[in-house]
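Presented below is the structure to which this report refers.
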Amino acid sequence: MVLSENKLKKISISISIVFYNSSEKDVKKVLSTLKKLNSLSEFTFSFFLIDNASTPKLHLDLENLQMHNVYIKRLEVNNGFGASHNAVLGDLNSDFHIIMNPDIDIEDLDGFVKAVSYMQEHKNIVMLSPLVRNETDGNIQYLNRKMPTVFDLFIRFLGPNIFPKRQASFTKKQNGYDHIQQAENATGSFMIIKTYNLKKVQGFDTSYFMYFEDTDLTRRISDEGEVIFFPDLTVIHGWRRDNHTLKGLKPMIISMVKYFNKWGWKWI
């Protein structure tokens, strides 16, 4: 039996990672992740490392990561998370594209293969969100959230002990992490997306500098097909929660206003 050319062709995956004055630890973590993924013979990878107007030292650190399938793009101006990822959109020629933070670590290679294979088999699925765990203690990060309301966002900023049942409902703590299900609000820390569909919706809405661009993308790409939460793939996330600090509050509020102005204000 002779396999068709289509079956012989490896699945191509592109990955974009945005750096903004990232730590040396994160750069080393990315290097480790690149090596692990390159060991998967089922796929061909291309890695786009985007230097978001960082310090010269970081750019030099990234240059030291050069491999045959690593491409470094240096941006002179920091226009935000979504705009930085969109900067390589025109360079993508892959079956799947992954949006990934530099503080993500992929140890679950079997789960990674399962996730891509699942999307390959289910043509209606356009984006996949994994199970995310803490780097420090391995606990689940409750990022498989519902669509936000102003009230949900307000009480989350105040702390986990404010309206805890409502917060648990928003993050789907009871039944949101043990089975494949629709994802209403996928996390931007790690997304697997069919490249054709990502290009069709023109990537992220660049009017968001930071925060809500992942929620917005989830809503827009849902018009192309299904977005799912897939717990059979686990990634490890360092998770610097800047939006829970006074420094991060201002850009979060600006993006929140843009989001609700675009999609309609839902208060409760």
Side-chain angles (χ1 to χ4, degrees), residues 13-40 45-88 91-92 97-109 111-112 115 129-143 186-193 203-204 208-211 213-214 217 233-245 247-248 251-252 255:
I13 300 175
S14 53
I15 299 179
S16 60
I17 306 172
V18 171
F19 297 82
Y20 177 68
N21 294 334
S22 303
S23 67
E24 186 176 347
K25 176 185 175 183
D26 283 345
V27 175
K28 289 180 178 178
K29 184 181 293 184
V30 168
L31 176 60
S32 173
T33 297
L34 266 55
K35 288 180 177 178
K36 283 184 283 189
L37 291 176
N38 271 332
S39 72
L40 296 174
F45 288 96
S46 53
F47 304 99
F48 295 87
L49 310 184
I50 304 157
D51 177 5
N52 202 358
S54 301
T55 62
K57 182 184 182 307
L58 176 67
H59 187 68
L60 183 61
D61 289 341
L62 294 181
E63 290 286 352
N64 290 332
L65 299 186
Q66 281 284 16
M67 301 180 200
H68 73 283
N69 56 349
V70 172
Y71 308 94
I72 298 174
K73 189 177 188 72
R74 187 172 190 182
L75 305 179
E76 297 301 325
V77 179
N78 180 3
N79 288 318
F81 178 87
S84 300
H85 278 287
N86 282 7
V88 299
D91 300 318
L92 305 182
H97 183 65
I98 295 176
I99 304 291
M100 191 174 90
N101 281 3
D103 58 355
I104 287 285
D105 190 13
I106 304 174
E107 298 176 353
D108 182 13
L109 295 181
F112 184 89
S129 184
L131 179 67
V132 183
R133 291 189 179 273
N134 287 333
E135 180 181 41
T136 52
D137 56 20
N139 289 336
I140 290 174
Q141 293 180 5
Y142 295 106
L143 299 175
T187 172
S189 62
F190 189 93
M191 299 169 156
I192 305 179
I193 312 169
F204 288 106
Y208 303 98
F209 182 81
M210 184 180 293
Y211 308 120
E213 68 285 319
D214 47 4
L217 178 61
L233 167 60
T234 298
V235 300
I236 308 299
H237 186 203
W239 204 17
R240 297 168 184 83
R241 302 182 71 183
D242 291 339
N243 60 326
H244 286 245
T245 66
K247 180 181 178 182
M252 188 192 75
S255 289

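Of the inter-residue distances, the one linking Tyr142 atom OH with Thr187 atom OG1 reads 15.0 Å to the nearest 0.5 angstrom. We find the CG-CD1 distance between Leu217 and Ile99 to be 7.5 Å, quoted to the nearest 0.5 Å. If you take CG on Leu49 and CE on Met67, they are separated by 9.0 Å, rounding to the nearest 0.5 Å. For the atom pair CG of Leu65 and CZ of Phe47, the computed distance is 11.0 Å after rounding to the nearest 0.5 Å. Taking CZ from Phe112 and CG from Leu37, the interatomic distance works out to 5.0 Å, rounded to the nearest 0.5 Å. Separating the CD1 atom in Ile17 from the OG atom in Ser22 is a distance of 10.0 Å, to the nearest 0.5 Å.
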key: Candidate pair Ile98 and Phe190, rule side chain to side chain contact (heavy atoms under 4.5 Å, CB included), full reasoning   = CA-CA 7 Å; Ile98 295 176; Phe190 189 93; 3.7 Å; yes

message = Using side chain to side chain contact (heavy atoms under 4.5 Å, CB included), reason through Phe19 and Leu62 one step at a time and then give a plain yes or no.
response = CA-CA 9 Å; Phe19 297 82; Leu62 294 181; 3.8 Å; yes

ask   = Going through the distances and angles, do Val30 and Leu34 end up as a side chain to side chain contact (heavy atoms under 4.5 Å, CB included)?
value = CA-CA 6 Å; Val30 168; Leu34 266 55; 3.6 Å; yes

Residue pair Ile15, Phe48: steps toward the side chain to side chain contact (heavy atoms under 4.5 Å, CB included) verdict = CA-CA 6 Å; Ile15 299 179; Phe48 295 87; over 6 Å; no

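Considering only heavy atoms from C-beta on, Ile50 comes within 4.5 Å of Leu75 through its side chain. Counting only heavy atoms from C-beta outward, the side chains of His237 and Asn134 never approach each other to under 4.5 Å. For the pair Leu40 and Leu109, the minimum side-chain heavy-atom distance is below 4.5 Å. When side chains are defined from C-beta on, Thr234 does not count as touching Pro130, because their heavy atoms never get closer than 4.5 Å.
When all heavy atoms of Gly188 and Asp214 are compared, the closest pair comes out as N-OD2, 2.9 Å. The two residues Phe209 and Ser255 come nearest to each other via the heavy atoms N-OG, 4.2 Å. Nearest approach of Asn86 to Gly203, heavy atoms of both residues: OD1-CA, 3.6 Å. Heavy atoms only, all atoms of each residue included: Pro251 and Tyr211 are closest at C-CD1, 3.9 Å. Lys36 and Ile106 make their closest contact through NZ-O, 3.0 Å (heavy atoms, listed as atom of the first residue, atom of the second, distance). For Ala115 against Ile192, the heavy-atom pair with the smallest separation is CB-CD1, 4.1 Å.
Remark: side-chain polar atoms of Asn101 are not paired, donor with acceptor, to backbone N or O of Ile104 under 3.5 angstrom. Not a single donor-acceptor pair under 3.5 Å links the side chain of Asp105 to the backbone N or O of Ile236. When atom types are taken as modelled, the side chain of His97 and the backbone of Ile193 share no donor-acceptor pair closer than 3.5 angstrom.
Considering Asn79, Asn21, Asn78 as possible partners of Asn52, the one that fulfils the side-chain hydrogen bond (donor to acceptor under 3.5 Å, both in side chains) test is Asn78.
Applying the salt bridge (charged side-chain N to carboxylate O under 4.0 Å, His left out) test to Asp61 and every residue at least two apart in sequence or in another chain returns Lys57. For the ring pair (Phe, Tyr, Trp, His ring centres under 6.0 Å) test, no residue two or more places apart in sequence or in another chain qualifies with Tyr20.
Ion pairing between Lys29 and Glu24 fails under the 4.0 Å rule for side-chain N and carboxylate O. Taking a cutoff of 4.0 Å between a charged side-chain nitrogen and a carboxylate oxygen, Lys25 and Glu135 qualify as a salt bridge.
Sequence neighbours left out, the pairs with a member in residues 69-86 that pass salt bridge (Lys or Arg N to Asp or Glu O under 4.0 Å) are Asp51-Arg74.
In summary, the aromatic rings of Phe204 and Phe81 are positioned with their centroids under 6.0 Å apart.
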